[in-house]
Amino acid sequence: MTFIPYGKAAAAPWAVEITPGLVGWDYSGLRVVELTGAPVAFDTGGEEMLVLPLSGSCTVTCGSGTFELAGRPSVFDGPSDFAYVPISEHVVLEGAGRIALPSARATRRLEARYVPASAVSVELRGAGQASRQVNNFAAPEAFECDKLVAVEVLTPGGNWSSYPPHKHDTAGPGEAVLEEIYYFEVADQGLGYQRVYSSERGHADTLAEVGSGDVVLVPYGYHGPSMAAPGYDLYYLNVLAGPAAERSMAFCDDPRHAWIRGSWTGQEIDPRLPFGRTS
């Protein structure tokens, strides 16, 4: 199962619950909870997690202390502050809003931490109709985790991202093995599209129409483009983890389409970027 429509991966208290055991892989996970004032408590067990407000705000209480997350009105209003909670921790969330918890099975217990929105690196990639924004809040070079990697990507309406198509499924120079989750939100109740297709690792053939709350899983294969329909800005949260000792997002472009990167030379970045605040 590659495409999971909103509601198909719900299990109270989670509006979305993706765990390695549920989807049949080894590392990556994601939970999304709609906080309405009542506390939500859980144990991290063998997973390290990030607490990331998609909209609204929350308080994160764990054995290491309490973190107040100011959050944001929506994913299109700039980066959010976030917290990291380690394995073997009891956590209580309180507040009001939609909160994402990217996760990965881990072996090292790191300390719980808070990161303000002002410290999140914002990167503009591509050019022209391939322009997009990446909030590198938990990229390997930006934030320490044991296995977990997570970034946010925002694509203006009519543009393509995760482009050219690429893969992370074969260990070697310039490529890391990663299980990847795409969690989508679309402005104004709109729509977008996500493509996943076969690589040498195995067969895949998904072209999904995606809306807010939908999930696409990429256990292997080329993925991209992510297409924002004209008139509807597209957001996705990428959660990645894999077996390598050192965290990496290294990828391999589909050789048929790698030339696209060279075509961006001399093109301007879409002036609609960046979204929201950047500091």
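Here the structure is a predicted model, which is why all the values come from computation and not from measurement. Below, each value reflects all heavy atoms present in this structure, side chains not excepted, and no hydrogens, waters or symmetry copies.
Residues satisfying the side chain to side chain donor-acceptor pair (under 3.5 Å) test with N238, not counting sequence neighbours, are E180. By the salt bridge (charged side-chain N to carboxylate O under 4.0 Å, His left out) test, D233 is found to be paired with no residue, residues two or more places apart in sequence or in another chain being considered. Residues satisfying the side-chain contact (heavy atoms from CB on, under 4.5 Å) criterion with R108, sequence neighbours excluded, are L110, E144, D146. Among residues two or more places apart in sequence or in another chain, the side-chain contact (heavy atoms from CB on, under 4.5 Å) test is passed with A228 by T155, L234. Not counting sequence neighbours, the partners of P13 by the side-chain contact (heavy atoms from CB on, under 4.5 Å) test are V40. Checked against side chain to side chain donor-acceptor pair (under 3.5 Å), T19 has no partners two or more places apart in sequence or in another chain. For E89, the salt bridge (charged side-chain N to carboxylate O under 4.0 Å, His left out) test picks out R109, with sequence neighbours left out.
Applying the side-chain hydrogen bond (donor to acceptor under 3.5 Å, both in side chains) test to residues at least two apart or on different chains, the pairs with a partner in residues 187-196 are Y193-E209, Q194-S226, R195-D205. Listed by first and then second residue, the salt bridge (Lys or Arg N to Asp or Glu O under 4.0 Å) pairs that reach into residues 243-256 are D253-R261, D254-R256, sequence neighbours excluded. Applying the salt bridge (Lys or Arg N to Asp or Glu O under 4.0 Å) test to residues at least two apart or on different chains, the pairs with a partner in residues 92-101 are E34-R98, R98-E185. Applying the salt bridge (Lys or Arg N to Asp or Glu O under 4.0 Å) definition to pairs two or more places apart or across chains, those involving residues 12-33 are R31-E47. Listed by first and then second residue, the salt bridge (Lys or Arg N to Asp or Glu O under 4.0 Å) pairs that reach into residues 159-169 are K167-D169, K167-E175, sequence neighbours excluded.
H203 and S198 share a side-chain donor-acceptor pair at under 3.5 Å. Judged purely by distance below 3.5 Å, without hydrogens or angles, the side chains of Y182 and S162 pair a donor atom with an acceptor atom.
In this structure, NZ in K147 is found 13.5 Å from CG in L240, a value given to the nearest 0.5 Å. Interatomic distance, CG of D81 versus CG of L69, reported as 5.0 Å (0.5 Å rounding).
Contact between R105 and P20 at its shortest, heavy atoms only, is CZ-CB, 3.5 Å. Residues G192 and V186 approach most closely at N-CG2, 4.5 Å, considering heavy atoms. Considering every non-hydrogen atom in both G224 and Y197, the closest pair reads O-CE2, 3.8 Å. For the residue pair V92 and A41, the shortest heavy atom distance occurs at CG2-CB, 4.0 Å. The shortest non-hydrogen separation linking A241 to Y27 is CB-CB, 3.7 Å. Nearest approach of L50 to A150, heavy atoms of both residues: CD1-CB, 4.1 Å.
Hydrophobic clustering (ILVMFWY, side-chain heavy atoms < 4.5 Å, transitive): Y6 and L101 are in distinct clusters. Cluster membership for V16 and L93, using ILVMFWY side-chain heavy atoms within less than 4.5 angstrom, is not shared. Hydrophobic cluster membership differs between V149 and F251, with clusters built from Ile, Leu, Val, Met, Phe, Trp and Tyr side chains linked at under 4.5 angstrom.
Side chain of W25 to backbone of S28: a donor-acceptor contact under 3.5 angstrom is found. A donor-acceptor contact shorter than 3.5 Å links the side chain of R72 to the backbone of P53. H223 contributes a side-chain N or O that, together with a main-chain N or O of G221, makes up a donor-acceptor pair within less than 3.5 Å. No donor-acceptor distance shorter than 3.5 angstrom exists from the side chain of D270 to the backbone of S131, with no hydrogens or angles considered. For the pair S74 (side chain) and S55 (backbone), a donor-acceptor distance under 3.5 Å is absent. A donor-acceptor distance shorter than 3.5 angstrom exists from the side chain of S248 to the backbone of A250, with no hydrogens or angles considered. Although no hydrogens or angles enter the test, the distance criterion places no donor-acceptor pair under 3.5 Å between the side chain of E179 and the main chain of G242.
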Would Y235 and V153 count as a side chain to side chain contact (heavy atoms under 4.5 Å, CB included) here? Give the steps. CA-CA 6 Å; Y235 164 96; V153 182; over 6 Å; no
May I have the step-by-step check of side chain to side chain contact (heavy atoms under 4.5 Å, CB included) for Y220 and V196, ending in yes or no? CA-CA 9 Å; Y220 54 78; V196 182; over 6 Å; no
Could you walk me through whether T66 and V60 pass side chain to side chain contact (heavy atoms under 4.5 Å, CB included), step by step? CA-CA 6 Å; T66 297; V60 183; over 6 Å; no
Let's go through E152 and V134 carefully: what are the C-alpha distance in whole Å and the side-chain angles of both, what is the deciding distance for side chain to side chain contact (heavy atoms under 4.5 Å, CB included) to 0.1 Å, and is it a yes or a no? CA-CA 6 Å; E152 300 180 297; V134 183; over 6 Å; no
Derivation of the side-chain hydrogen bond (donor to acceptor under 3.5 Å, both in side chains) call for Y236 and S161: CA-CA 10 Å; Y236 49 91; S161 57; 2.8 Å; yes
Decide side-chain hydrogen bond (donor to acceptor under 3.5 Å, both in side chains) for N136 and E123; before the verdict, give the C-alpha distance in whole Å, the side-chain angles of both, and the deciding distance to 0.1 Å. CA-CA 7 Å; N136 288 307; E123 176 186 2; 3.0 Å; yes
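No option in L191, L237, V75, V210 other than V210 meets the side-chain contact (heavy atoms from CB on, under 4.5 Å) test with F184. Considering V215, I4, V239 as possible partners of Y183, the one that fulfils the side-chain contact (heavy atoms from CB on, under 4.5 Å) test is V215.
For R113 and Y84, the positive end sits near the middle of the six-membered ring, less than 6.0 Å away and at most 45° from its axis.
Looking at L154 and F76, their side chains come closer than 4.5 Å, going by heavy atoms from C-beta outward. Side-chain contact between F82 and V51 is absent, with no heavy-atom pair separated by less than 4.5 Å. V32 is not listed as a side-chain neighbour of W14, based on a closest heavy-atom distance of 4.5 Å or more. Annotation: side chain of Q133 is in contact with side chain of P274 (closest heavy-atom distance under 4.5 Å).
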